[in-house]
Amino acid sequence: MNFFDLYHTDNRNEAPIAVFDSGVGGISVLRALLAEMPNENYWYYGDSANAPYGTKSLEEVRRLTVSHVDRFIREGAKAVVVACNTATSAAVRYLRQKYPAVPLIGIEPALKPAVLSKNHPNVVVMATPMTIREEKFHNLMDKYMGMAHIIPLPCPGLMEYIEHGDIHSEELEQFLARLFEPFEKQKLDAVVLGCTHYPFVSRELQKVLGEHVTLFEGGPGTARETKRRIEAAGLGKSSQEKGRVYFDNSEQSDDKRKLCKKLLGINFC
Ligand code: DGL
């Protein structure tokens, strides 16, 4: 099946925007995209069969990401949103060189708004081990180093809760409490959710951290950037009629599709 068959169109402006993540986390970005551009068509693809990406090698994540994006473009996506911080740091620069004519938007931890939220705040950046290890994150951190106290916090094992549909449980709360055990929570000002899975556990996080800590996610900024890029390329869908969302996953189970729909309907953050 390809995009054009699916949407019965040979008009490029009507073609869907592919939204890709290692699993169900990118739904937090899809949600922001739908708020920004409700009339567009979307193909959401989660690679849950190969998740997690964040504890794999750079080469492996790059290979997987490139092969998925190759397929989206081959099958007619008019734009691609890499709704995964890990895959963005591994492959987006390479993909932009490979496909200069396709709007290709990545995501990065929302460090800038967190740093600007207060005078010299204490900011923790939660992300996968790979995102934190990569050059892209180091460059981002260097940029804001003088304006805040920034503490990177790799969170192996956290995305698995969301991937399995657990966004609210005693066990999850204990996991989050252990992650933040080394911190003096009353001194923290902001926490950046540098993995697209994490916004789904915002409520639990807020319980552990306290209401004085502000959480920041990258989805809304990525959605605004996608809108700008699509408009600049003249690729906006002409009709204002509500678009369609198609859920696809390498783990072809009804349970995954159901989880995606459930997550899309949740009012988090
Ligand atoms: N959702 C992905 C991200 O934004 C990571 C999850 C994973 O480890 O696969 O980084």
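Order of appearance sets the numbers: ligands from 1, and atoms from 1 within every ligand. Fair warning: this is a prediction, and the values are worked out from it, not measured in the lab.
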task = Report yes if the side chains of Val92 and Tyr94 come closer than 4.5 Å at any heavy-atom pair, otherwise no.
result = no
Pairwise side-chain contact, Ser89 with Phe137, heavy-atom cut-off 4.5 Å (strictly under) = no
Results of ring-ring contact (aromatic ring centres under 6.0 Å, His included) for Phe247 - residues two or more places apart only = none
request  = Output all residues satisfying ring-ring contact (aromatic ring centres under 6.0 Å, His included) with Phe183, sequence neighbours left out; order by chain, then residue number.
outcome  = Phe180
ask   = Taking the six-membered ring for Trp, is the centroid-to-centroid distance between Tyr44 and Tyr246 below 6.0 Å?
value = no
task = Kindly tell me which protein residues have any non-hydrogen atom under 4.0 angstrom away from an atom of ligand 1, grouped by chain and ordered by number?
result = Asp21, Ser22, Pro52, Tyr53, Gly54, Cys84, Asn85, Thr86, Thr128, Met159, Cys195, Thr196, His197
message = Test of understanding: with salt bridge (charged side-chain N to carboxylate O under 4.0 Å, His left out), list the residues that count as partners of Asp255, not counting sequence neighbours.
response = none
